[in-house]
Engineer: 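Mind having a look at this structure? Questions to follow.
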Amino acid sequence: MPDNQSNSDYLSPLFEGTVPSNQEELEPSIVVKDLHKSYGDKKVLQGINFTVYPGELFGFIGKNGVGKSTTIDCIIGAKRFDSGEISIMGYDIKREDVYAKTMFGYVASEPTCYEMMTGYEYLEFIASIYHVSEGNFKANYHYLCKRLDFDEAELSNYISEYSHGMKQKLCLVASLIHNPEVWILDEPTVGLDYTTQEELKKMMREYADHGRTVFVTSHNIDLLAKTCDRVAIVNNGVVATFVDLKRNPNQAIQLPRIFVDVYESGGNE
């Protein structure tokens, strides 16, 4: 059961680390190379290519049905792909899937957790999978619940009693409970209240700024424009263009227009 220790009595190992000075000289954290995936005769992914580095907050956007979630499902090993290569922190998601999966935390577009468990049991279960020590487990869940304004008293209740927003917060806590190198988020703000959305934006930025990698997809282009270092826009089963907001911060204002232009032109750069 959750203890009554104050949040301030724990020093969480989360959000610690140094900011890489020359990212592209580091080993990539995510590599997706020539990724193809079809559903029957329908070709969804037709050669997706991108590389993400430690210390980077990377956005992945596109219209509905262009393969964003399919790409993520391939990255996390939830779906098989027809051809191509994917590695996470140097581990091939096909050949070294167990090692690759220890490297990331994942938040789905719809909260998925075992509703017959209490919130605390679920977090404890996830932590046990990743062999998180008791001390780090307590430090991390106290810290994350505080950041996300999740009432720890609710952890004693069954997840089936939670609202959609509470389930989403629980999944966010679970995704970081093992302090992963890579944080993958698929539409993470859905169902969250405004203040929690703002806090999550800060957390994503902080996580990248301390040397980790954040990969996020969202229909909220303004959110990504304000937080991301780079954004990939997907069209026709490939990455149509990359927008480097770190090197060209003025493009943050132009990102919605760039997005629309990609689809109005129907082509790829």
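Residues: numbered from 1 along the sequence shown.
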Engineer: Show your reasoning for whether salt bridge (charged side-chain N to carboxylate O under 4.0 Å, His left out) applies to Asp229 and Arg205.
Structural biologist: CA-CA 9 Å; Asp229 298 308; Arg205 186 66 265 170; 3.1 Å; yes
Engineer: Just checking, any donor-acceptor pair under 3.5 angstrom between side chains of Asn220 and Ser218?
Structural biologist: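 No, Ser218 and Asn220 have no side-chain donor paired with an acceptor closer than 3.5 Å.
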Engineer: Got more than 12 heavy atoms from elsewhere within 6.0 Å of OH, Tyr194?
Structural biologist: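 Counting other residues, nucleotides and ligands, OH of Tyr194 stays at 12 neighbours or fewer.
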Engineer: May I have the step-by-step check of side chain to side chain contact (heavy atoms under 4.5 Å, CB included) for Leu223 and Lys201, ending in yes or no?
Structural biologist: CA-CA 8 Å; Leu223 179 150; Lys201 283 164 56 178; 3.9 Å; yes
Engineer: Does Glu124 pair with Lys138 as a salt bridge, N-O distance under 4.0 Å?
Structural biologist: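 Salt bridge: no.
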Engineer: Taking 4.0 angstrom as the limit, do Arg257 and Glu264 come out as a salt bridge?
Structural biologist: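 A salt bridge is present here (some side-chain N lies under 4.0 Å from a carboxylate O).
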Engineer: If we only count heavy atoms from C-beta on, is the Ile30 to Thr51 side-chain gap below 4.5 Å?
Structural biologist: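 Side chain of Ile30 against side chain of Thr51, heavy atoms only: no contact under 4.5 Å found.
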Engineer: Is the shortest side-chain heavy-atom distance between Leu200 and Met204 below 4.5 Å?
Structural biologist: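 They are in contact (side-chain heavy atoms under 4.5 Å apart), so the answer is yes.
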Engineer: Using distance alone, with no hydrogens and no angle criterion, decide if His142 and Glu152 have a side-chain donor and acceptor under 3.5 Å apart.
Structural biologist: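 A pair is found: one side chain offers a donor N or O, the other an acceptor, under 3.5 Å apart.
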Engineer: Under a 4.5 Å cut-off applied to non-hydrogen side-chain atoms, are Ser29 and Ile88 in contact?
Structural biologist: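 Of all side-chain heavy-atom pairs linking Ile88 with Ser29, none is under 4.5 Å.
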Engineer: Check the pair Ile86, Val31 against side chain to side chain contact (heavy atoms under 4.5 Å, CB included), reporting the backbone distance first and the verdict last.
Structural biologist: CA-CA 6 Å; Ile86 298 174; Val31 176; over 6 Å; no
Engineer: Under 3.5 Å, is there a donor-acceptor pair between the side chain of Glu121 and the main chain of Thr118?
Structural biologist: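 Judged by distance alone, yes, a pair lies under 3.5 Å.
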Engineer: Side chains of Phe60 and Arg230: closer than 4.5 Å at any heavy-atom pair?
Structural biologist: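 Heavy-atom side-chain distance check fails, nothing below 4.5 Å.
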Engineer: So Pro256 and Asp222, do their side chains get closer than 4.5 Å, heavy atoms only?
Structural biologist: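 A side-chain contact under 4.5 Å exists here.
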Engineer: Could you go step by step and tell me if Thr213 and Tyr53 meet the side chain to side chain contact (heavy atoms under 4.5 Å, CB included) rule?
Structural biologist: CA-CA 7 Å; Thr213 298; Tyr53 295 91; over 6 Å; no
Engineer: What pairs of donor and acceptor atoms, side-chain ones from residues 164-177 against any protein atom, are under 3.5 angstrom apart with sequence neighbours left out?
Structural biologist:
| unit_1 | atom_1 | unit_2 | atom_2 | d |
| --- | --- | --- | --- | --- |
| His164 | NE2 | Glu110 | OE1 | 3.3 |
| Lys167 | NZ | Glu115 | OE2 | 2.6 |
| Gln168 | NE2 | Pro188 | O | 3.0 |
| Lys169 | NZ | Leu148 | O | 3.3 |
| Lys169 | NZ | Asp149 | O | 3.2 |
| Ser175 | OG | Leu172 | O | 2.7 |
| Ser175 | OG | Trp183 | NE1 | 2.9 |

Engineer: Under 6.0 Å between ring centres: does that hold for Phe50 and Phe215?
Structural biologist: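 So the answer is yes for these two rings.
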Engineer: Does any N or O in the side chain of Asn49 come within less than 3.5 Å of the main-chain N or O of Gly47, such that one atom is a donor and the other an acceptor?
Structural biologist: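 Answer holds: yes.
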Engineer: Is the shortest side-chain heavy-atom distance between Asp261 and Ile258 below 4.5 Å?
Structural biologist: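 Answer no - side chains too far apart.
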Engineer: Taking atom types as modelled, find out whether Thr196 and Asp193 have a side-chain donor-acceptor pair closer than 3.5 angstrom.
Structural biologist: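 Yes - a donor-acceptor pair under 3.5 Å links their side chains.
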Engineer: Would you say Ile184 and Val182 make side-chain contact, with heavy atoms under 4.5 Å?
Structural biologist: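 Answer yes - side chains close enough.
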Engineer: My understanding is that only residues two or more places apart in sequence, or in another chain, count here; which of them pass ring-ring contact (aromatic ring centres under 6.0 Å, His included) with Phe137?
Structural biologist: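 ring-ring contact (aromatic ring centres under 6.0 Å, His included) check on Phe137 returns Tyr120, Tyr141.
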Engineer: Just do the side chain to side chain contact (heavy atoms under 4.5 Å, CB included) check on Val216 and Cys228 with the steps written out, would you?
Structural biologist: CA-CA 9 Å; Val216 58; Cys228 288; 4.2 Å; yes
Engineer: Please indicate whether Lys63 has more than 12 foreign heavy atoms, meaning atoms of other residues, nucleotides or ligands, lying under 6.0 Å from its NZ.
Structural biologist: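 Result for NZ/Lys63: open.
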Engineer: Looking at Phe81, I'd like to know if the NZ or CZ of Lys94 sits under 6.0 Å from its six-membered ring centre while staying within 45 degrees of the ring's axis.
Structural biologist: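 Judged by the rule, Lys94 and Phe81 form a cation-pi pair.
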Engineer: Just checking, any donor-acceptor pair under 3.5 angstrom between side chains of Ser69 and Asp186?
Structural biologist: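 Yes - a donor-acceptor pair under 3.5 Å links their side chains.
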Engineer: With distance as the sole criterion, is a donor-acceptor pair present between the side chains of Thr70 and Tyr39 under 3.5 Å?
Structural biologist: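 Checked: Thr70/Tyr39 side chains pair up, N/O donor to acceptor below 3.5 Å.
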Engineer: Does Tyr130 have any ring-ring contact (aromatic ring centres under 6.0 Å, His included) partners at least two apart in sequence or in another chain, and if so, which?
Structural biologist: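 ring-ring contact (aromatic ring centres under 6.0 Å, His included) list for Tyr130, sorted by chain: His178.
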Engineer: Both conditions, 6.0 Å and 45 degrees, for the charged tip of Arg212 above the ring of Tyr207: are they met here?
Structural biologist: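 Yes, Arg212 sits over the ring of Tyr207.
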